[in-house]
**Q** 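Sharing a structure below in structure tokens format, with a few things to ask.
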Amino acid sequence: MTDLTRLTAAELAATVASGESSAVEVTQAHLDRIAAVDTAVHAFLHVEADGALAAAKAVDERRARGEPLSPLAGVPLALKDVFTTADMPTTCGSKILDGWRPPYDATVTRLLREAGIVILGKTNLDEFAMGSSTENSAFGPTHNPWDLGRIPGGSGGGSSAALASYQAALAIGTDTGGSIRQPAAVTGTVGVKPTYGGVSRYGLVACASSLDQGGPCARTVLDAALLHEVIAGHDPMDATSIDRPVPAVVAAARRGAGGDLAGLRIGIVREFAGEGYQAGVLARFRGAVELLDELGAEVAEVSCPSFTYGLPAYYLILPSEVSSNLARFDGMRYGLRVGDEGARSAEEVMSLTRGKGFGAEAKRRIMLGTYALSSGYYEAYYGQAQKVRTLISRDFERAFQTVDVLVSPTTPTTAFPIGERADDPLAMYMADLCTIPSNLAGNAAASFPCGLADEDGLPVGLQVMAPVLADDRLYLVGAALEHAVVERWGGPLLSRAPELEVVA
Ligand code: GLN
């Protein structure tokens with residue numbers, strides 16, 4: 001019998017639509033897989049088995065009545081625990097939301113349900129999506145299925161690990177500085193950060209509102225494209241949502257799978273392919289560029305000088321927004337409240353609650369952001385960083401006058417051992433070096449598996465960056481690369497990951 005958990009989302013949807021397997025069978029297979037491997041992986045913070053089976057049953061009933069099914073109906077999905085869900089807790093990986101039940105579904109959650117996608121549960125993340133390893137979760141780290149002693153990337157490590165360990169066929173992430181792309185790179189999966197405003201932020205608990213973007217995670221490029229079309233589109237509930245047609249990403253993925261990139265102009269970002277990168281990452285990156293060249297693309301080097309300042313600018317802008325966004329967690333409105341017995345003032349209760357509820361990284365960023373925004377320092381820090389942000393946008397604009405997409409390694413290294421950078425925030429921040437510019441500028445960007453590093457056998461991601469609202473180009477390149485990688489490596493990269501031990 002086929003192992004349903006090994007099928008792609010497109011295959012699962014076809015199986016359900018044809019009646020070969022029911023959505024309930026598909027869902028049960030994934031719930032069994034979760035029971036068998038998630039004690040070791042810890043991708044999920046919450047599994048909603050009954051809700052998932054009920055959603056699957058509804059799909060089977062629709063099919064039985066002969067009603068049309070949407071293209072991903074019956075496919076199980078893992079949702080990053082930063083989107084609100086009316087029937088499940090939403091923790092954002094933080095103790096401060098302990099016991100909070102959102103009164104409403106995020107727009108993304110609603111769209112998934114309407115498409116008949118089965119939400120299995122909520123996945124682990126760095127607290128409020130701040131981190132590059134998922135070690136900042138208040139509920140313990142997630143482990144990389146390629147090597148359980150290593151990080152699965154962050155902040156959306158739970159979503160990428162769920163995919164790489166076949167616990168879900170689809171996942172949703174959010175990308176503020178790389179949290180969809182970086183976990184995808186280090187787990188050998190696909191992750192796409194749509195153009196800012198392309199997917200609604202309504203019900204996405206804010207980290208840094210001008211940077212946050214939800215997006216699709218999957219094992220194949222076509223699966224990510226199918227999911228992209230479900231969650232994208234204008235939402236009047238989000239003031240920054242773009243009121244324009246969704247780029248034709250599924251068509252682009254199908255076209256790309258033909259393996260022909262003739263005429264496409266690809267620019268290698270000169271600033272992101274030199275010193276400080278792991279040798280195996282650079283080798284696979286160069287190998288991927290050669291493959292794209294063989295597929296007919298024209299490859300040239302492009303300079304984006306301001307990208308080098310992206311990291312320091314981001315680590316001022318992000319904490320500034322975080323210090324303001326996280327002010328709402330005051331012990332009065334949501335979740336945790338500490339010390340309200342006795343005669344303490346509201347201020348004391350707030351301070352006790354925030355002291356207990358937030359972890360070290362959240363506190364570090366709240367303090368940094370409060371400082372950067374304080375009068376007397378505002379211009380020197382926040383103001384300067386915003387100017388750098390403009391320079392980065394201009395670098396992109398200039399580059400996209402001569403090339404259609406830009407490429408770089410997604411991350412400077414492969415997955416690092418759990419604990420290695422836990423006490424060294426600056427080393428941790430380096431993981432975001434290449435992904436941050438696209439958040440600052442708001443353009444579309446993605447990571448696609450491009451090989452395994454020689455020195456450790458771990459996956460490497462190719463980052464592709466496209467202009468605002470040209471998300472389709474990511475899928476064109478990604479699908480062509482996937483096609484070439486499968487030929488070169490004799491199958492999808494993930495099939496080379498070691499089998500996990502299964503709990504009977
Ligand atoms: N690693 C980055 C950070 O810590 C990005 C996080 C994200 O994209 N949510 O801020």
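Counting starts at 1 for both ligands and their atoms, following the listed order.
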**Q** Decide ring pair (Phe, Tyr, Trp, His ring centres under 6.0 Å) for Tyr382 and Tyr371; before the verdict, give the C-alpha distance in whole Å, the side-chain angles of both, and the deciding distance to 0.1 Å.
**A** CA-CA 10 Å; Tyr382 184 75; Tyr371 182 78; over 10 Å; no
**Q** Donor-acceptor pair, distance only, cut-off 3.5 Å: does the side chain of Asn443 make one with the backbone of Ala466?
**A**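 Side chain of Asn443 to backbone of Ala466: a pair is present.
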**Q** Under the ring pair (Phe, Tyr, Trp, His ring centres under 6.0 Å) criterion, do Tyr166 and His30 qualify, and how do the steps go?
**A** CA-CA 8 Å; Tyr166 304 96; His30 286 84; 9.2 Å; no
**Q** Check each protein residue for a heavy atom under 4.0 Å from ligand 1 and list those that pass, ordered by chain and number.
**A**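 Only Ala129, Met130, Gly131, Ser132, Ser155, Asp175, Thr176, Gly177, Gly178, Ser179, Tyr314, Tyr315, Leu318, Arg365, Asp432 have heavy atoms that fall under 4.0 Å of ligand 1, ordered by chain and number.
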**Q** Salt-bridged, Arg337 to Asp98, with N to O below 4.0 Å?
**A**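 No salt bridge links Arg337 with Asp98.
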**Q** Name the orientation class of the two ring planes belonging to Tyr334 and Trp100 (parallel below 30°, tilted from 30 to 60°, perpendicular beyond 60°).
**A**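 Correct class here is perpendicular.
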**Q** Is Arg354 positioned over the aromatic face of Phe329, cation under 6.0 angstrom from the ring centre and no more than 45 degrees off axis?
**A**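 Because its charged atom misses either the 6.0 Å distance or the 45° angle limit, Arg354 does not stack over Phe329.
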